[in-house]
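First up is the structure itself, then whatever we jot down about it.
Predicted, not measured: the structure shown is a model, and the values here were computed from it.
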Amino acid sequence: MSPTLVLSLVAGYFAVLIIIAVLTSRGATSESFFVANRNAPWYMVAFAMIGTSLSGVTFISVPGNVYGKSWSYLAVALGFVAGYVVIGTVLMPLYYRLRLVSIYSYLDQRFGYWSYKTGALFFLISRSLGSALRLYLVAGVLQLAVFDAMGVPFAVTVVVSILFIYLYTFKGGLKTILWTDTFQTLAMLSCVALSIYFMADALNYSFKQLVQSVRESPMSQIYFSDVRDDKFFWKQFASGMFITIVMTGLDQDLMQKNLSCRSLGEAQKNLFWFTPVIVSVNVLFLTLGVLMYQYAAARGIKLTELPQLLNLKGTLDTDKVFPFLATTQFSLTAGIIFILGIIAVTYASADSALTSLTTSFCVDFLDIQKYPEARQTRLRQLTHLGWSVVLIVIILIFRALNEQSLIDAVYKAAGFTYGPLLGLFAFGILTRRQLRDRLVLPTCTAAVLLTLLIVTHSVEWLNGYKFGFEILLLNGALVYLGLLAISRPAAVNPLPQTAV
C-alpha cells in the first residue's frame, strides 16, 4: 500500500470526525462535556459502547492470540455476560440513585475523603495505562503502513495521533463522543465483516466451508481443563466476569456513557442489548484469527521466519501478524478496509478514555463544579491537554519495554490497577462496616505489591500455577481483606439513600 494513499485515508477519516465535532459541540457546557446533558438515547449509547469496549487491542490481539491460545478467549467473552448482569442490577441503580457525575464520589459518601481520592487515583492510573496501550497499537500500525517509509520517527506519529483526538473532543466531550463513536463503531463492524469476507474469498471458501474450516481447526479449541494452565476455561470465565465489572462497572469511561441516558431503565436497556452483541463481535474476531493463519499457510508465508514479525526474544509477535498481512499481502481494497477498521476501533476507545480522564480529574481532584462556567471551561480544556501529554509519554515508555501480546498486557495491567477499585466497591456494597479512612491508600498499595510478589513467584510457590487474567481476582481479594483489617462496625446504615 502506498504511504500517500494511507495518509489520505487517515486525513479524510479525521476530517469526518472534525465535522461531526463541530456540529455537535455548539453551545457545549460542562454538563454536556461530562454527561451529555443526561438525555442521550439508550440505543445510541449501546451502539457507541461497542467501539469503546473493544478498542484496537481487540481488533489486533484477539485474532493474533489464536495462534498460541486458540479460542480460549471466548471463555473470557462469555464471562462478560455475567459481569454485565451484575453491573445492570447492582451498580447502575446505585449510581442513578445518587445522580453521580464521577462514580468515585460514591466512595466519599460511603467511607470518606481518602477512600474517594484513592479510588479516583487508581482509575486515573488504570485508564491512562490502558488507553496508552491501545493508542500504542494504532500508532504502530500507522508507523508500519505510512511513516517508516517517509522517515518519520515513531514519537511524531504518536503526537499527531493524540493531537487529532484532542482536536475533536476538547470542546464537546461526551456529547460529541456519542456521535463520533457511533460512526466509528459502524465503520469498525463493517471492516471486520469485510475482512472475513475478503480472506474467505481468497481461500475460495463458501459460507458453509468457512464455518466448517474454523470449527475443525485446532486453533478453535475453547475448553482447556488443566487448572494450572492460564487458558483453563473456568478461570478465564471468572476473569471475564470480574474484568467486566471493574473495567466497565467501576470505570468512569464506560459508566460516563451509561450515566448520560435519560433514566435508569433506559441505561439498563442499553446494557442488556449491548451484551449479546459484544459476545458475537468477539466471535467474529476469533473467526478472523483462524482465517488469518489459514490464509498465511495457504500462501506459504512462514510467519515465524520473518524478522519483522519477531519480538525481542525471537518468537512470533502475534500483534504484528494481522497488520503485516493486511498491508503487504491482501488486496488493495482489503488493506484499505483494515486501515480504516483499526483507526475506527482504536479512536472510538481512546477518545472516550481521554474524556473520562479529564472528567475524573476535574470532578474528583479539582472540584470543578464549584467554579463559574467560564472558569470550568478553561480548567477542563487545560486538563484535557495535560492528559494528552501523559498518554504520549506512557506510549513511548511502553514501546521501549513491551515484549508480549497487547491483550495480555492490557488485562494484566488492569489486574494490578483495578484490583483496589474492585476491593473498595465490593467492601462498600457488601458490608455495613466503616473504614479508618486515612489507612485506605497505604492498604490498597500494599495489596498491589503483595499481588505482584505472588504472581511473580507463583510457579515455584504454587506447584506450577500460572496466573492469567485472574490477577484481578487475587488483587481484589487482598484489598478486601486489608480493608476488613482496618475497618470498624458502623453505627448506622452506611449506604446513602439520596444524593449528597
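Cation-pi contact between K235 and Y465: present, with separation from the ring centre below 6.0 Å and deviation from the ring axis of at most 45°.
For the atom pair CD of Q308 and CG of D317, the computed distance is 11.5 Å after rounding to the nearest 0.5 Å. Separating the CZ atom in F242 from the CG atom in L250 is a distance of 11.0 Å, to the nearest 0.5 Å. With rounding to the nearest 0.5 Å, the separation of CD1 in I454 from NE2 in H457 is 11.0 Å. L316 contributes atom CG, which lies 6.0 Å from atom CG of L303 (distance to the nearest 0.5 angstrom). Rounding to the nearest 0.5 angstrom, the gap separating the OG1 atom in T443 from the CG atom in L481 is 11.5 Å. Between L74 atom CG and F237 atom CZ the span is 10.5 Å, to the nearest 0.5 Å.
With no hydrogens or angles considered, no side-chain donor-acceptor pair links T359 and Q252 at under 3.5 Å. Counted by atom type alone, S360 and D364 present one or more donor-acceptor pairs between their side chains at under 3.5 Å.
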Apply side-chain contact (heavy atoms from CB on, under 4.5 Å) to the pair I165 and L391, showing each step before the final yes or no. CA-CA 11 Å; I165 298 176; L391 292 178; over 6 Å; no
Evaluate the criterion side-chain contact (heavy atoms from CB on, under 4.5 Å) for residue pair Y205 and V211; output intermediate values, then yes/no. CA-CA 9 Å; Y205 285 164; V211 173; over 6 Å; no
Go through it in stages, so that I can follow the logic: the residues are Y136 and V158, the test is side-chain contact (heavy atoms from CB on, under 4.5 Å), and I'd like the CA-CA distance, side-chain angles, deciding distance and then a yes or no. CA-CA 8 Å; Y136 165 78; V158 172; over 6 Å; no
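Pairing each heavy atom of G88 with each of L271, the nearest pair is N-CD2, 3.6 Å. Scanning both residues, F122 and C444, for their nearest heavy atoms gives CE1-CB, 4.0 Å. Nearest heavy-atom pair, I301 versus Q329, reported as atom, atom and distance to 0.1 Å: CD1-OE1, 3.5 Å. Between L203 and A298, the shortest heavy-atom distance links the atoms CD2-CB, 3.7 Å. Nearest approach of L310 to K320, heavy atoms of both residues: O-NZ, 3.7 Å. The minimum heavy-atom distance linking R127 with M247 is given by the pair NH2-O, 4.0 Å.
Every side chain to side chain contact (heavy atoms under 4.5 Å, CB included) that T451 has, sequence neighbours left out, goes to F416, V455, I471, L474, N475, L478. L382 meets the side chain to side chain contact (heavy atoms under 4.5 Å, CB included) test with no other residue; sequence neighbours excluded. Applying the side chain to side chain contact (heavy atoms under 4.5 Å, CB included) rule to S70 yields the partners Q221, F224; only residues at least two apart in sequence or on another chain are considered.
Using a 4.5 Å heavy-atom threshold, the side chains of L422 and Y418 count as separate. T318 places none of its side-chain heavy atoms less than 4.5 Å from the side chain of V66. Side-chain contact between V390 and L357 is absent, with no heavy-atom pair separated by less than 4.5 Å. Using a 4.5 Å heavy-atom cutoff, the side chains of I392 and S388 are not in contact. Proximity of N282 to F80: side-chain heavy atoms (C-beta onward) are separated by under 4.5 Å at one or more points. Put simply, the side chain of W71 does not reach to within 4.5 Å of the side chain of Y223, judged on heavy atoms. Proximity of T118 to Y104: side-chain heavy atoms (C-beta onward) are nowhere separated by under 4.5 Å. Side-chain contact between L421 and F123: present, with at least one pair of heavy atoms (C-beta onward) separated by less than 4.5 Å.
Proximity of a side-chain donor or acceptor of S126 to a complementary backbone N or O of T417 within less than 3.5 Å is detected. Side chain of S128 to main chain of I125: a donor-acceptor pair is present (N/O by atom type, distance under 3.5 Å, no hydrogens or angles). Proximity of a side-chain donor or acceptor of S72 to a complementary backbone N or O of K69 within less than 3.5 Å is detected. No side-chain donor-acceptor contact under 3.5 Å links S217 to the backbone of S213. Here the side chain of Q294 pairs no donor or acceptor atom with the backbone of L291 at under 3.5 angstrom.
Between H384 and Y166, the two ring planes are tilted [angle within 30° to 60°].
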Table please: side-chain donor-acceptor pairs of residues 192-200 below 3.5 Å, with sequence neighbours left out.
unit_1, atom_1, unit_2, atom_2, d
S195, OG, C191, O, 2.8

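Note on residues 196-216: no pairs pass salt bridge (charged side-chain N to carboxylate O under 4.0 Å, His left out), not counting sequence neighbours. Within the structure, ring pair (Phe, Tyr, Trp, His ring centres under 6.0 Å) contacts touching residues 292-334 (residues at least two apart or in different chains) are F59-F322, Y67-Y293, Y295-F330, F322-F338.
With ring centers used as reference points, Y84 lies under 6.0 Å from F274.
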